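The structure presented is a predicted model; accordingly, all values stated were derived computationally and were not measured. What you see below is based on every heavy atom in this structure, not just the backbone, and it leaves out hydrogens, waters and symmetry mates.
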Amino acid sequence: MSRSALVENVTAMLSDAGFVVSDQCAIRPKSFDVAARRGEDLILAKILGNIDAFDAESGAEMRRLGAYLDATPLLIGLRTRDEELEREVVYFRHGVPVLSPDTAMDLFVEGVPPMIYAAPGGLYINIDGELLSDEREERGWSLGRLASELGVSRRTVSKYEDGMNASVEVAIQLEDLFEAPLTGPVDVLDGADEVRDRDPTPEDPDAEPADRPIVAVLRRAGFEVHPTVRAPFSAVSEDEGGAETLLTGHSELTESAVKRARLMSSLGQVTGTRSVYFVEKTRRESIGGTALIERDEAEDIDDRDELRNLLRERAEA
C-alpha cells in the first residue's frame, strides 16, 4: 500500500470514529500528518508504512507539540524492518506510542483498547497489583507459593504486586490460576505516561534568527513562545494566563505561505487554537481565518491588549 493511500485510509477511519480531522499537512518538513479531535481527545497523528522512518527529531517535536496543545502524539504504521506490527499491541518510537491501523481501528471505532505493549525484552501486560495481592491472600497463598506456581522468584511476585507489569505468558498464567481478570488496557490517549515520566518533554529548540523579532513581539504581549522545527507553523505561543494559544507563522507572503496559513487555520479549528501569520507586506487581513499582520506593524505595538485585539479583528475579517 502506498503511503498516500495509507494516510487516506487512516484519515477516513478517524472520521468514521467520530473525529473531526484537519487538512493533511502536505508542507515539508512535517512532524505529523493530521490533527484529529473527538470530544476532549486530541490526537496528532503521523502515518507511515515503515515506522523505522520516524526519527528522534520528529519524536521530540511531536512530544513537545503534545505538551503545548494538550494532545496525544501518535504514530500509526504498518511494519518495522520486515515485520508487520501486531494487532492489539502498542509499540513505542522515541517516546511516541505506535499502533497498527487494525489496532487503531479496534481502539477508535470498536472502542476496544489494546492490552499489550512492546518494551525491551518482549511483550508485556499491565497487572493490577492490588487485585493480585487480594486474590493471593484470599486463597491463602504465600508469595513463595505463587512464585512456585509461576516459576519465578518470590521477589518478582512481590514486584508484580507493587505494580510491575508482567510478560504476556505470566499474565495468562495468573488469570488462569485465579480465574479472575487481573490485567488492564494500555491507555493510549493519556499519552504513554510511563514513557514520559522516565523521559521528560524535550526542551524547546532555539528560534530561527529571522523569527526572533516576532518572538520578541509575542513575548512583549505576554505569550510564552515555543519555537518548532518540523511543524507547519514556526511556533506555538501560549498566553501567560492559559486563556489562549496561537499557532504562529512568519515569512514573506508567497504561494507556499498562503497554503501554510490555510493549513494553520484548519489545524487551529481542530486543536482549539488561533492562528496568526506575520508577513513583510500585505493588503489582506486574513487567509482562511489565519490573521495576517505585517512585521513592521507588529513591532510598533507595545501594548499587549492592542496586539490581542488586532489578532482577533484580523482573524474575523
Side-chain angles (χ1 to χ4, degrees), residues 10 13-19 21 35-47 51 54 59 62-63 66-67 70-80 83-136 146 150 152 156-157 159-199:
V10 170
M13 179 272 294
L14 290 171
S15 295
D16 289 344
F19 283 85
V21 183
R37 179 182 290 280
R38 183 175 64 184
E40 296 299 315
D41 294 328
L42 176 61
I43 297 168
L44 301 177
K46 181 72 174 179
I47 305 162
I51 65 172
F54 187 71
M62 285 189 69
R63 290 176 59 213
D70 194 21
T72 298
L74 184 64
L75 176 58
I76 299 177
L78 296 174
R79 63 188 178 277
T80 175
E83 299 180 359
E84 299 293 317
L85 299 186
E86 294 188 37
R87 194 168 193 159
E88 301 179 354
V89 177
V90 179
Y91 301 81
F92 294 94
R93 281 293 184 276
H94 306 297
V96 175
V98 184
L99 306 179
S100 72
D102 287 339
T103 306
M105 179 172 289
D106 290 343
L107 174 61
F108 298 128
V109 177
E110 303 298 334
V112 179
M115 300 294 291
I116 303 168
Y117 69 92
L123 300 178
Y124 297 88
I125 295 182
N126 295 325
I127 296 293
D128 187 328
E130 290 186 11
L131 184 55
L132 173 59
S133 178
D134 291 343
E135 291 287 342
R136 177 181 61 78
L146 180 53
L150 295 174
V152 300
T156 297
V157 172
K159 287 183 176 181
Y160 291 152
E161 294 187 354
D162 287 339
M164 184 178 79
N165 295 326
S167 67
V168 173
E169 295 77 10
V170 168
I172 292 172
Q173 280 184 277
L174 285 170
E175 293 200 331
D176 287 345
L177 281 171
F178 293 107
E179 298 180 344
L182 301 173
T183 60
V186 182
D187 198 345
V188 177
L189 290 180
D190 277 346
D193 286 337
E194 291 184 4
V195 172
R196 289 179 179 164
D197 287 344
R198 293 196 301 268
D199 189 8

Within-4.5 Å side-chain heavy-atom neighbours: [X] and [Y]:
| X | Y | answer |
| --- | --- | --- |
| N126 | V186 | yes |
| E86 | T103 | no |
| Y91 | L85 | yes |
| D187 | P113 | no |
| I43 | L189 | yes |
| F178 | L146 | yes |

Distance from [X] atom [atom1] to [Y] atom [atom2], nearest 0.5 Å?
| X | Y | atom1 | atom2 | answer |
| --- | --- | --- | --- | --- |
| M13 | L107 | CE | CG | 8.5 Å |
| L44 | R63 | CG | CZ | 13.5 Å |
| I51 | L99 | CD1 | CG | 10.0 Å |
| L14 | R38 | CG | CZ | 9.0 Å |
| R87 | D102 | CZ | CG | 4.0 Å |
| N165 | I125 | CG | CD1 | 9.0 Å |

* Asked: Once the angle between the rings of F19 and F108 is folded into 0 to 90°, is it parallel (under 30°), tilted (30 to 60°) or perpendicular (over 60°)?
  ->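 Perpendicular: the ring planes of F19 and F108 meet at over 60°.
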
Please answer whether the main-chain N or O of [Y] pairs with a side-chain N or O of [X] as donor and acceptor at a distance below 3.5 Å.
| X | Y | value |
| --- | --- | --- |
| E175 | L182 | yes |
| T183 | I127 | no |
| R93 | L75 | no |

Show the nearest heavy-atom pair for residues [X] and [Y], with the distance to one decimal.
| X | Y | answer |
| --- | --- | --- |
| F92 | A118 | CD1-O, 3.8 Å |
| L78 | P101 | CD2-CG, 3.7 Å |
| V188 | P114 | CG2-CG, 3.9 Å |
| G66 | P73 | CA-CD, 4.4 Å |
| S15 | V21 | OG-CG2, 3.7 Å |

* Asked: What do you reckon, is CG of D134 surrounded by more than 12 foreign heavy atoms closer than 6.0 Å?
  ->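 Check passes, neighbour count above 12.
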
* **Other residues, nucleotides, ligands: >12 heavy atoms within 6.0 Å of E135 CD** =>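 Yes, enclosed.
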
* To do: Answer with yes or no whether the side chains of S100 and E84 bring together a donor and an acceptor at under 3.5 Å.
  =>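 The answer is no; no qualifying pair exists.
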
